[in-house]
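Contents: one structure, followed by commentary.
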2 protein chains.
Amino acid sequence: MRDHSVTRLPSRPPRSLTLANSMRDAAFSALADPTRRAVLDLLRGGVRPSGDIARQFPVSRPAISKHLRILRRAHLVEERRQGRHRLYRLNPEPLKSVDSWLEHYRNFWTASLSNLKSFVEDEYAKEMLSKPESKEK
Amino acid sequence: MRDHSVTRLPSRPPRSLTLANSMRDAAFSALADPTRRAVLDLLRGGVRPSGDIARQFPVSRPAISKHLRILRRAHLVEERRQGRHRLYRLNPEPLKSVDSWLEHYRNFWTASLSNLKSFVEDEYAKEMLSKPESKEK
DNA sequence: ATATTATGTAACCATACAGTTACATAATAT
DNA sequence: ATATTATGTAACTGTATGGTTACATAATAT
């Protein structure tokens with residue numbers, strides 16, 4: 001058991017950020033599954049009824065139905081009824097927040113990596129030497 | 001149990017793509033966890049020994065150790081020993097493949113969404129009417 | 001009215017995973 | 001040599017997830 005009653009700031013970020021992050025969390029975890037990403041890829045081609053989607057994959061229709069539910073929960077797709085179909089449409093919105101997370105990393109592969117590496121290592125070396133590392137307990 | 005012996009083309013993409021995708025899969029699934037993303041965020045600030053990393057989070061050190069293993073597996077971090085420390089360094093490389101996946105979606109939020117929506121829906125309407133939908137089984 | 005089609009959900013199963021505590025090991029400090 | 005520190009891993013637990021089959025329901029076709 002760790003003593004977190006003493007943990008300072010990091011434990012509770014401002015509410016607004018929390019909400020934004022939960023959006024991002026949902027998106028990231030929805031994207032973790034290859035099938036779901038493939039569903040989105042498919043939906044890039046246009047609106048599709050769920051059965052139509054299911055037929056493209058080597059898994060059962062209920063499996064796809066569940067994937068769709070997860071995508072819905074993450075707001076990555078929207079559902080609209082039409083007759084006995086449920087049409088699914090891609091909603092790219094939440095991908096923006098994925099993109100914005102990635103944004104911070106883009107420099108890293110834009111800049112010369114090897115330079116960056118040694119720079120960062122040197123930084124750490126300095127840090128290690130200077131820091132008394134008295135921070136907890 | 002479904003009969004996959006009969007499944008046609010979609011089941012086996014060219015080997016080269018498979019490899020690339022498994023990289024991407026590993027990256028995406030590693031990123032699914034908020035703690036792991038936070039670890040990467042931390043590592044953006046420079047190389048860190050694992051204990052140092054663990055101390056930043058409200059979970060046990062072994063938990064972080066496991067996260068690090070997953071990040072390692074996805075090649076998102078690299079480990080280097082130094083004395084009794086294991087230094088972890090961010091490796092942004094696999095994020096490129098995440099980025100390249102996102103790339104296909106960027107148009108969607110760049111262009112006017114509402115226009116795109118109605119366009120896509122119309123496309124589908126056309127499709128639905130024309131397509132005999134005789135494709136399987 | 002009855003059958004068929006499109007779809008979602010419940011119930012179940014196996015596996016993965018995030019977390020924990022306890023233990024093992026290697027490097028440093030005393 | 002012995003204690004301490006930094007770290008990983010094993011064993012265990014609870015929960016989520018991806019898959020399945022079976023069932024329920026609503027809309028359309030006959």
Side-chain angles (χ1 to χ4, degrees), chain A residues 1-4 25-26 28-39 47-74 77-89 124 128-129 131-137, chain B residues 1-4 7 11 25-26 28-39 47-74 77-89 124 128-129 131-137:
Chain A
M1 182 90 79
R2 310 180 85 249
D3 174 15
H4 288 131
D25 284 5
F28 266 111
S29 79
L31 295 180
D33 186 276
T35 302
R36 282 194 293 266
R37 289 199 305 280
V39 168
V47 175
R48 293 259 183 294
S50 95
D52 219 44
I53 297 172
R55 243 171 277 118
Q56 307 298 124
F57 295 91
V59 297
S60 72
R61 194 183 51 70
I64 296 296
S65 196
K66 280 163 71 174
H67 283 307
L68 287 171
R69 192 182 348 177
I70 290 173
L71 290 171
R72 239 183 287 135
R73 208 172 54 196
V77 303
E78 282 160 15
E79 184 217 274
R80 173 171 45 104
R81 279 161 214 220
Q82 182 175 302
R84 53 181 159 180
H85 292 98
R86 310 261 184 129
L87 300 185
Y88 282 89
R89 170 172 57 209
Y124 181 71
M128 273 306 262
L129 296 179
K131 209 173 35 178
E133 184 57 62
S134 54
K135 175 164 176 279
E136 62 288 309
K137 283 233 176 48
Chain B
M1 183 91 76
R2 308 184 83 245
D3 174 15
H4 287 138
T7 310
S11 52
D25 284 5
F28 265 110
S29 77
L31 295 180
D33 187 276
T35 301
R36 282 193 294 265
R37 290 199 304 280
V39 168
V47 174
R48 293 257 181 296
S50 95
D52 219 44
I53 298 172
R55 244 171 274 118
Q56 306 298 123
F57 295 91
V59 298
S60 71
R61 194 184 50 71
I64 296 296
S65 195
K66 280 165 69 175
H67 283 306
L68 287 171
R69 192 186 346 183
I70 291 174
L71 289 170
R72 240 183 288 134
R73 208 172 55 197
V77 303
E78 283 161 14
E79 185 217 272
R80 175 171 46 105
R81 277 159 215 223
Q82 182 175 302
R84 54 182 158 179
H85 293 99
R86 310 263 183 128
L87 300 185
Y88 282 90
R89 169 172 57 207
Y124 181 70
M128 273 304 264
L129 296 179
K131 208 174 36 176
E133 185 58 60
S134 53
K135 176 167 173 276
E136 63 291 303
K137 287 239 172 41

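Labels below follow one simple rule: chain letters A, B, ... track the order of the sequence lines, proteins then strands, and each chain is numbered from 1.
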(Q) Between C1' on D:dT7 and CG on B:L87, what's the gap in Å once rounded to a whole number? (A) 12 Å

Q. In dot-bracket, 5' to 3', how would DNA chain C read with Watson-Crick or G-U wobble pairs under 3.5 Å, [ ] for crossing ones and | for pairs to another strand?
A. ||||||||||||||||||||||||||||||

(Q) On a heavy-atom basis, which atom in B:S50 and which in B:L68 lie closest, and how many Å separate them? (A) CB-CD1, 3.6 Å

Q: Compare every heavy atom of B:P49 with every heavy atom of B:H85, then report the nearest pair and how far apart it is.
A: CD2-CB, 3.6 Å

Q: Can you measure from CD1 (B:I53) to OG1 (B:T35) and round to the nearest 0.5 angstrom?
A: 12.5 Å

Q.
In this structure, how many angstroms lie between the P atom of C:dT9 and the CZ atom of A:R61, rounded?
A. 11 Å

Q: Please identify each residue that fulfils side chain to side chain contact (heavy atoms under 4.5 Å, CB included) with B:I70, with sequence neighbours left out.
A: B:A30, B:R36, B:R73

Q | C:dT21 OP1/OP2 closer than 4.0 Å to side-chain N/O of B:S60 | A | no

Q.
Could you tell me how far apart A:I70 (CD1) and C:dG8 (C1') are, to the nearest whole angstrom?
A. 14 Å

(Q) Could you work out, with side chain to side chain contact (heavy atoms under 4.5 Å, CB included) as the rule, every residue matching A:P62, not counting sequence neighbours? (A) A:S60

Q: Send over the distance from B:R86 CZ to D:dT7 P, rounded to a whole Å.
A: 9 Å

Q) Could you state the CG-C1' distance from A:L68 to D:dT17, rounded to the nearest angstrom? A) 15 Å

Q) Below 4.0 angstrom from OP1 or OP2 of C:dG8, is there any side-chain N or O of A:Y88? A) yes

At a cut-off of 3.5 Å, list every protein nitrogen or oxygen paired with a nitrogen or oxygen from nucleotides 27-30 of chain C, distance to 0.1 Å.
none

**Q.** Whole-Å gap separating C1' (C:dT9) and CZ (A:R72)
**A.** 11 Å

Q: Please tell me if the side chains of B:Q56 and B:I64 come closer than 4.5 Å, counting only heavy atoms from C-beta onward.
A: no

**Q.** Closest-nucleotide 5' rank along DNA chain C - winner of B:R73 and B:A63
**A.** B:R73

Taking only N/O atoms, report every protein-nucleotides 10-16 of chain C pair under 3.5 Å with atom names and distance.
none

Q) So, do A:D52 and A:Y88 sit near enough that their side-chain heavy atoms are less than 4.5 Å apart? A) no

**Q.** Closest to the A:H85 side chain, choosing from C:dA6, C:dG8, D:dT17
**A.** C:dA6

Q. Which heavy-atom pair separates A:R72 from A:S65 by the least distance, and what is that distance?
A. NH2-O, 4.3 Å

Q: Quick one: list whatever passes side chain to side chain contact (heavy atoms under 4.5 Å, CB included) with B:R84, sequence neighbours left out.
A: none

Q | Between D:dG18 (P) and A:L71 (CG): distance, integer Å | A | 10 Å

Q.
Please pick, from C:dG8, C:dA18, C:dG19, the nucleotide with the shortest atom-to-atom distance to any side-chain atom of A:S65.
A. C:dG8

Q | Options C:dT7, C:dA18, D:dT7, nucleotide nearest the side-chain atoms of B:D33 | A | C:dA18

Q) How far apart are the closest heavy atoms of B:A32 and B:R37, and which atoms are they? A) O-NH1, 3.4 Å

Q) CZ of A:R81 versus C1' of C:dT7: gap in Å, rounded? A) 9 Å

Q: Measure the CG-OG distance between A:L31 and B:S29 for me, rounded to the nearest 0.5 Å.
A: 11.5 Å

